[in-house]
Asker: 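One structure coming up, written as structure tokens, with questions to follow.
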Amino acid sequence: MTNAEIAAVLEQVADLLEFKDENPFRVRAYRNAARAIRDLTESVAAIAADDGERLLAIDGIGKAVAEKVATLARTGHLPQLTELLAEIPESVLAIMRIPGIGPKKAAALYHQLGVKTLDELKQACEAGRVRELKGFAAKTERTILDGMTLAASAGQRLYWAEADQIAQELRGHLQGCAALEQLELAGSYRRGRDTVGDLDLLAVAGEAAEVMDRFAGFPGVASVLGRGDTKMSVRLSSGLQIDLRIVPRESFGAALQYFTGSKAHNVFLRGLAKQRGLKINEYGVFRVDGDRETYVAGATEEEVYGALDLPCFPPELREARREFEWAQAGELPELVCREDLRGDLHTHTLETDGRDTIEEMAEAARRRGLKYLAITDHSQRVTMAHGLDPQRLLAQWEQIDRLNEQLGRGFTLLKGIECDILEKGGLDLPDDVLAQADWAVASIHYGQRQPRDQITKRIVDALANPHVCCIAHPTGRLLNKREAYEVDMDAVFAAAARHGKMLELNSNPMRLDLDDVACAAAKSYGIPIVIATDAHQTESLDDLRYGVLQARRGGLTKADVANALSWPQLKKRLGIGSEKK
DNA sequence: GCCGTTTTCGGCCCGACTGTTTTCAGTCG
């Protein structure tokens, strides 16, 4: 079983225990364990099979969960889950996902009305039976019915890039309000997660009501979900929820820290504060002395973390993974930034499925401050994209040679190729052609649903080819659309490390592949990461920023990123440690 | 169920808002 699958089982156990009104800390323990496993770079099943004791070393996994993970890894099933499901139908969990319905209300519906499914719930609401229950009334029925249509129509997370666009529009809209003094976006958007579920806005305002009125007037607002003195929530017609909090100036940093999260990061931070006789909430850091609380800090995030002798963590690292450990050791990485990148190593042109010419791509890259650009059109197997056979490829490379002469110093076009890894294994172009490339990436477009061993072998074999520099979009995932291939990433990392090869972090906002966790794993193997756009048109060269965000989330520094090197340096590096001399 | 510079028991982050209540439970983030 994969880490994601094991984590999903533990999450389901947590959901069911919550429904049963079990000890909330026990529920949290299962959720923490699930998160720890999801964040793990090694296969937890492999660890369990290899040495059960090592499971206990993972933060958040104790004796009980370790045994359950071992059982899952061995048999693929968890008796505890089977027993819970015999008691509670799985379909009630869907009811808990309706906004406003939590475990208590779902349990009341199930036990008192026998409601097991969303359909039954809808009927019960329409028949007016729900309002008869204690704690429910007509308004709750309405909320449930609204929530159900919403759950059916929306619920999908936005790509970070989409969220960013709305965020910028919101910022522009609110800045037209005279009462606004300070504004920042927080939440998973600020942490740079690959997808964003909702937006969190934070403001300091002379007059909160004025900012809230302005907020309600944001184009696309379909309904106001709630509005108090300091907090307001709206839903856009697209289904996206946006929360606005108005805080006092002296609390802005504390609120920003608080609402940036992650939740796990905050829980850990608050625990640290408590040990020191401090309390942190969204209003600040307070010294607790009996019943008296004295404000210590809160205007800026630096102050808040500083009160605990901690560095102001970059938001991308705030996931309760390694950041506190790094801070304690004084080893917080200095994360890579967009300005560190000197070239783009995965782009397409009109010659295959791109939209612009080589010259246009080169000019756009130069305008963006890049010093080199690899043209990596598709190889012949990708017929839909009119992929290049050896003859057309060699002709393109001749053209690149000529263009380089015209471009002169200061910018270099690289003769590249995105060579397909064929379904039956092996590469789509002969070695003598690949040998003439400056830069060859290999990738899978066909046979994505092959079994684990087969697809892993294809990638591992491609890494062994002396002319291949890098594997592009190594897992093939498409956010919200397609899961990663069944690929043994540990085997891929080991092979890349063995052959001195690189792995791509594809910056397309719908891919972001490798993801943050895989980037961290690759780093632990010493594998250089290539942050590349896979641009099919000039504007997409801007996508590097999305890749950079993921790289930062993976804890990568400039030194971990191959295209932070100049082309001569990179070229030298390609010769070292690989069979390509 | 996890964890340990309050260490094998007894804690476990904290507050806003809503709806349903007449003082608070439930939900959410």
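By convention in this document, chain letters (A, B, ...) are assigned in the order of the sequence lines, proteins followed by strands, and residues within each chain are numbered from 1.
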Asker: May I ask you to decide whether A:Asp164 forms a salt bridge with A:Arg545, counting only side-chain N to carboxylate O separations under 4.0 Å?
Answerer: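 A salt bridge links A:Asp164 with A:Arg545.
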Asker: What I want to check is whether an N or O donor and acceptor connect the side chain of A:Asn32 with the base of B:dG1 at under 3.5 Å.
Answerer: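 Not at all, since no donor on one side and acceptor on the other fall under 3.5 Å apart.
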Asker: Can you tell me how far CG of A:Asp213 sits from CZ of A:Arg227, rounded to the nearest 0.5 angstrom?
Answerer: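 Separation between the atoms: 4.5 Å.
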Asker: Would you say A:Lys68 places a side-chain N or O within less than 4.0 Å of OP1 or OP2 belonging to B:dG1?
Answerer: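 Yes, because at least one side-chain N or O of A:Lys68 sits under 4.0 Å from OP1 or OP2 of B:dG1.
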Asker: Each nucleotide in nucleotides 13-22 of chain B should get exactly one letter: B, S or -. Can you fill that in based on protein heavy atoms under 4.0 Å?
Answerer: BBSSSSSSS-
Asker: More than 12 heavy atoms of other residues, nucleotides or ligands under 6.0 Å from CG of A:Asp229: is that the case?
Answerer: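 At most 12 heavy atoms, drawn from other residues, nucleotides or ligands, come within 6.0 Å of this atom.
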Asker: Write down the distance separating the P atoms in B:dG4 and B:dC13, rounded off to the nearest Å.
Answerer: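 Roughly 14 Å separates the two P atoms.
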Asker: Has A:Tyr283 got a side-chain atom pairing as donor or acceptor with A:Phe286's backbone, closer than 3.5 angstrom?
Answerer: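 No, A:Tyr283 side chain to A:Phe286 backbone: no donor-acceptor pair under 3.5 Å.
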Asker: Please measure how far the P atom in B:dT27 lies from the corresponding atom in B:dT21, and state the result in whole Å.
Answerer: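 About 14 Å, rounded to a whole number of Å.
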Asker: Which value, in whole Å, describes the distance between the C1' atoms of nucleotides B:dT6 and B:dC12?
Answerer: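 14 Å, rounded to whole Å.
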Asker: Any salt bridge between A:Asp542 and A:Arg338, counting N to O under 4.0 Å?
Answerer: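 Salt bridge absent between A:Asp542 and A:Arg338.
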Asker: Within a 6.0 Å radius of atom CD on A:Glu483, are there more than 12 heavy atoms belonging to other residues, nucleotides or ligands?
Answerer: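 No.
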Asker: Give one of base, sugar-phosphate or nothing for A:Ile61, where a contact means two heavy atoms less than 4.0 Å apart.
Answerer: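 Sugar-phosphate, backbone atoms only, no base.
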Asker: Do the side chains of A:Asp21 and A:Lys104 get close enough for a salt bridge, i.e. N-O under 4.0 angstrom?
Answerer: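 Judged by the 4.0 Å cut-off on N to carboxylate O distance, A:Asp21 and A:Lys104 do form a salt bridge.
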Asker: Measure the distance from CG on A:Leu202 to P on B:dG29 and round it to the nearest whole Å.
Answerer: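 Rounded to whole Å, this separation is 16 Å.
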Asker: From CE of A:Met96 over to P of B:dC28, roughly how many Å is that when rounded to an integer?
Answerer: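 The answer, rounded to whole Å, is 9 Å.
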Asker: How do A:Ala106 and A:Asn23 order along DNA chain B: which one's closest nucleotide is nearer the 5' end?
Answerer: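 The 5'-side residue here is A:Asn23.
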Asker: Expressed in angstrom and rounded to an integer, what is the separation of A:Arg35 atom CZ from B:dG1 atom C1'?
Answerer: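 Going from A:Arg35 (CZ) to B:dG1 (C1'), I get 15 Å.
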Asker: How far does the C1' atom of B:dG10 sit from the matching atom of B:dT18, given to the nearest Å?
Answerer: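 After rounding to an integer number of Å, I get 34 Å for this pair.
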Asker: According to the interplanar angle, ranging from 0 to 90°, do the rings of A:Phe268 and A:Phe324 count as parallel (below 30°), tilted (30 to 60°) or perpendicular (above 60°)?
Answerer: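 The arrangement is tilted - the two ring planes meet at 30° to 60°.
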Asker: How long is the line joining CZ of A:Arg97 and P of B:dG26, in whole Å?
Answerer: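 One finds 20 Å between P of B:dG26 and CZ of A:Arg97, rounded.
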Asker: Using both distances under 3.5 Å as the test, list the Watson-Crick or G-U wobble partner of B:dT8, or none.
Answerer: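 Answer to the pairing question: none, since B:dT8 forms no Watson-Crick or G-U pair.
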Asker: Tell me what A:Val27 touches on the nucleic acid: a base, only sugar-phosphate, or nothing, going by heavy atoms under 4.0 Å.
Answerer: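 Counting heavy atoms under 4.0 Å across all strands, no contact is made by A:Val27.
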Asker: Expressed in whole Å, how much space separates the P atoms belonging to B:dG15 and B:dT22?
Answerer: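 So the two P atoms sit 26 Å from each other.
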Asker: Please give the distance between the C1' atoms of B:dC14 and B:dC9 as a whole number of Å.
Answerer: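 My reading of the C1' atoms in B:dC14 and B:dC9 gives 24 Å.
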Asker: Taking atom P of B:dC28 as reference, at what distance in whole Å does atom CD1 of A:Ile98 sit?
Answerer: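 To the nearest whole Å, that distance equals 10 Å.
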Asker: With rounding to whole Å, what would you report as the distance between B:dA25 and B:dT20 at their C1' atoms?
Answerer: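 9 Å, rounded to whole Å.
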Asker: Starting from the 5' end of DNA chain B, give me the residue, A:Leu56 or A:Lys104, whose nearest nucleotide shows up first.
Answerer: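 By nearest-heavy-atom nucleotide position, the 5'-most residue is A:Leu56.
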Asker: Base, sugar-phosphate, or nothing: which does A:Pro24 touch, judged by heavy atoms less than 4.0 Å apart?
Answerer: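 Here A:Pro24 touches no strand at all.
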Asker: Could you give the CG-to-C1' distance, from A:Asp198 to B:dC28, as a whole number of Å?
Answerer: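 So the two atoms are 10 Å apart, to the nearest Å.
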